[in-house]
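Report on one structure; see the data block that follows.
Because the structure is predicted, anything quoted here is derived from the model rather than measured.
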Amino acid sequence: MDEEKILGHQNMTKRSLIITFLRLQMEQTFLENCLQHHLDAFQCHPFHLEVVVNVYIYFLATEMDQSQFFVNDEARQPLSRKVSVPSSRINPYRMVIVLRLIIISIFLHYRLTNPVPNAYALWLISVICEIWFAISWILDQFPKWLPVNRETYLDRLSLRYDREGETSQLAAVDIFVSTVDPLKEPPLVTANTVLSILAVDYPVDKVSCYVSDDGAAMLTFEALSETSEFARIWVPFCKKYNIEPRAPEWYFCQKIDYLKDKVHPSFVKERRAMKREYEEFKIRINALVSKAQKVPEEGWVMQDGTPWPGNNTRDHPGMIQVFLGQSGGLDSEGNELPRLVYVSREKRPGFQHHKKAGAMNALVRVSAVLTNGPFLLNLDCDHYINNSKALREAMCFLMDPNLGKYVCYVQFPQRFDGIDRNDRYANRNTVFFDINLRGLDGIQGPVYVGTGCVFNRTALYGYEPPHKPKQKKSGFLSSCFGGSRKKSSKSSKKGSDKKKSKKHVDPTVPIFSLEDIEEGVEGAGFDDEKSLLMSQMSLEKRFGQSAVFVASTLMENGGVPQSATPETLLKEAIHVISCGYEDKTEWGSEIGWIYGSVTEDILTGFKMHARGWRSIYCMPARPAFKGSAPINLSDRLNQVLRWALGSVEILFSRHCPIWYGYGGRLKWLERFAYVNTTIYPITAIPLLFYCTLPAVCLLTGKFIIPQISNFASIWFISLFLSIFATGILEMRWSGVGIDEWWRNEQFWVIGGVSAHLFAVFQGLLKVLAGIDTNFTVTSKASDEDGDFAELYMFKWTTLLIPPTTLLIINLVGVVAGISYAINSGYQSWGPLFGKLFFAFWVIVHLYPFLKGLMGRQNRTPTIVVVWAILLASIFSLLWVRVDPFTTRVTGPDVELCGINC
């Protein structure tokens, strides 16, 4: 309907007002319905239009002014939106996945029904490996069936919770930074992370930063003291000129036009002054590090002359120091700064401290006592806030009235600085962060990856989320992809009762409900003091012997009691980080970060998803956080070893996703993803055998596949085409580049035959025999300094032996096979091509590893060459039965035929 025609009966004042109103409201449901309902009436009866227009004008004039009406309506809109991948990109991808599954089934059927009699052992090994690869592919592929993107609306968040001139209603956030050894994790790196937190674009009274020093190092304490002083001039500079990123080291090293979009005439002068201040700050930090290199015999002494309590890192009291906040937390312009707290939990001999997971749980309790923000952000000490609006991005999900109550955490992708342009060892892990996690976001949410994650504190306390309203009957697809299940309120209540009773019967599904506790506290059952005391005892058994902390767990919106004094809260905070606080409680088993694996992040996220929570994957245009990654080959392999070891520990624990949590609300495809996360190191065993087979085939003249017909060859070609098509279409919908995808494929083989293999055996030794073996760097030989000098640095580790051996025996096999073919004539070249293709597949995947071994000047330590040649020689002597340089002549048996043959 023509807008000008509709408004033709109105005067110019009314006309302008209604045109503005219609343009701004046309997208809103109520007005669209209204106009559609009266469309014919407007055309036939102009009087009806007059009435409707006057009603709207009266409403705007009497209830609120025009602009306020539009603002309020905008604030009522959703804070985020889920955007599906376009069907033109995702549907072909799904079709190829199904087609590939069919082809794999036919291929495996052919392989099983066509053994190779003269190489039966090789055939059997190859078939077992291929079946395992197929299972592994299914577990990895199908959780990527429903990828989604998400959009956030920061303007709506501000309109709803943070209007200018009014008190901010944004939720408080407690931010955790964890560090252990300041000599391995440089204090300057930690300082930059802390500075980026203190300068974040969020109400200062809503931000509290807690730094966990699990090494009780005086260096960390003094560096944090210097950081708090530098923050007084750095934070106002960041907010005045709205700079990004707000970590000074990375801001000043940017190779961009820093004057872009800057209009303030004093910016250049103040930037130069700030850079000079930062350089002086770096000098002070470097002086502290230099001083810490040599520990005095009597131990460290503080400025007041008292010994540093953490001189014995394994036996010291708990320490808490509030650097900013309460009093003295003002910047150079007199504005308040966020709270900054140093925490070092108590450690005593004979207690199990549970490494990082234990330190994070200590921070959960300390923050609950001191500030009790309803949401928590955890960062590694080398992950700074790259996008100052990162917290607001997370709040678009966690504070959404419809979505937030079901969300346990918002996970951001990890992005890294300082990686070489070619990303030789797939440090960026782009396939995982940009493909796998986006796929999981369409099911029940991404796994927790250890940093860059904003938690709902209630979810960490072991409670289950509220049940969503049931609208339609559940089916197989809804249980896989996250659809709802319909039950009547009566059956819902019965199910709830059943779960409560199951909580005491089945220890594998511990589910606590916040509603149960609130009802219990307020219900009739607590009319007498005895029942109230029993409830308090139950809560203290779960959360520990701290009335202040227990009370904080029942505050849905966070905060601390107004009557509590800072001295009382600090005393209680010291109590909750004592060694024995977690004894006989559910910390680490059902509450907080879960113990039992070095990859506590996977385990913690899995427990939340098993209770029915969902997580969100947020990928803002400007990366929220950035960190550093080991670009050196040995360091990278040791990092992968630690991750894989954690997965093996979960695989052999009671929390294994293969059998854990079937009474909960975990979606089937989400379970597939977690199963794949725990069993992927096992793939190292079949992968090692499969990478050895090409050399064996070339050295023995046998092959794992019989002579195939033209019809059978179609299935082999189809399998390869489907593999390529899956990769191409995956890159198309995800935006991942082919170079990143290929680097991921290469490092899957490199890590599989080295770090994953060692993790399997180390995990078995640890779980079955209680032997904790660590494969760490023992020696190194560095190259000259230069760009990415660490990339070419060599550090000896036993992880290098298996892939080096595979490279050598496959190269030997290629030479032996070609030599034999040259000496045997053209008829032997046909069977050779399949074997050579197989061997080159292994060599090409291990090529980055070979470059890492050779270094910038082709310098490889003798010990690597010796071990590799020794193992390759033993293998070759066992299998080589012919001399490939001697022509094989087959003819009649002279003894049988005699001279007349």
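The existence of a salt bridge linking R365 and E582 is confirmed by a sub-4.0 Å separation between a basic side-chain nitrogen and an acidic carboxylate oxygen. For the pair E464 and R665, the salt-bridge criterion is met [side-chain N within less than 4.0 Å of a carboxylate O]. Here E590 pairs with R611 in a salt bridge; the nearest charged N to carboxylate O distance falls below 4.0 Å. Ionic pairing of K356 and D601 is not present here: no N-O contact between side-chain nitrogen and carboxylate oxygen is shorter than 4.0 angstrom.
Applying salt bridge (charged side-chain N to carboxylate O under 4.0 Å, His left out) to D441 and the options K82, R614, K144 leaves one that passes, R614. Considering Q444, H609, Q411, E670 as possible partners of S615, the one that fulfils the side-chain hydrogen bond (donor to acceptor under 3.5 Å, both in side chains) test is H609.
Residues forming a salt bridge (charged side-chain N to carboxylate O under 4.0 Å, His left out) with R345 (at least two apart in sequence, or on another chain): D214. Scored by the salt bridge (charged side-chain N to carboxylate O under 4.0 Å, His left out) test, D315 finds R348 as partners (sequence neighbours excluded).
A donor-acceptor contact under 3.5 angstrom links the side chains of D213 and Y342, judged on distance only. Counting only N and O atoms by type, the side chains of R542 and T553 include no donor and acceptor under 3.5 Å apart. If you check the side chains of E572 and S546, you find a donor sitting under 3.5 Å from an acceptor. No side-chain donor from either of T683 and H756 sits under 3.5 Å from a side-chain acceptor of the other.
Heavy-atom contacts from other residues, nucleotides or ligands closer than 6.0 Å to CZ of F433 number more than 12.
The side-chain tip of R392 does not point at the ring of Y161 from less than 6.0 angstrom away and within 45° of straight on.
Aromatic ring centres of F625 and F412: separated by under 6.0 Å. Side-chain rings of W593 and F455 approach one another, their centers coming within less than 6.0 Å.
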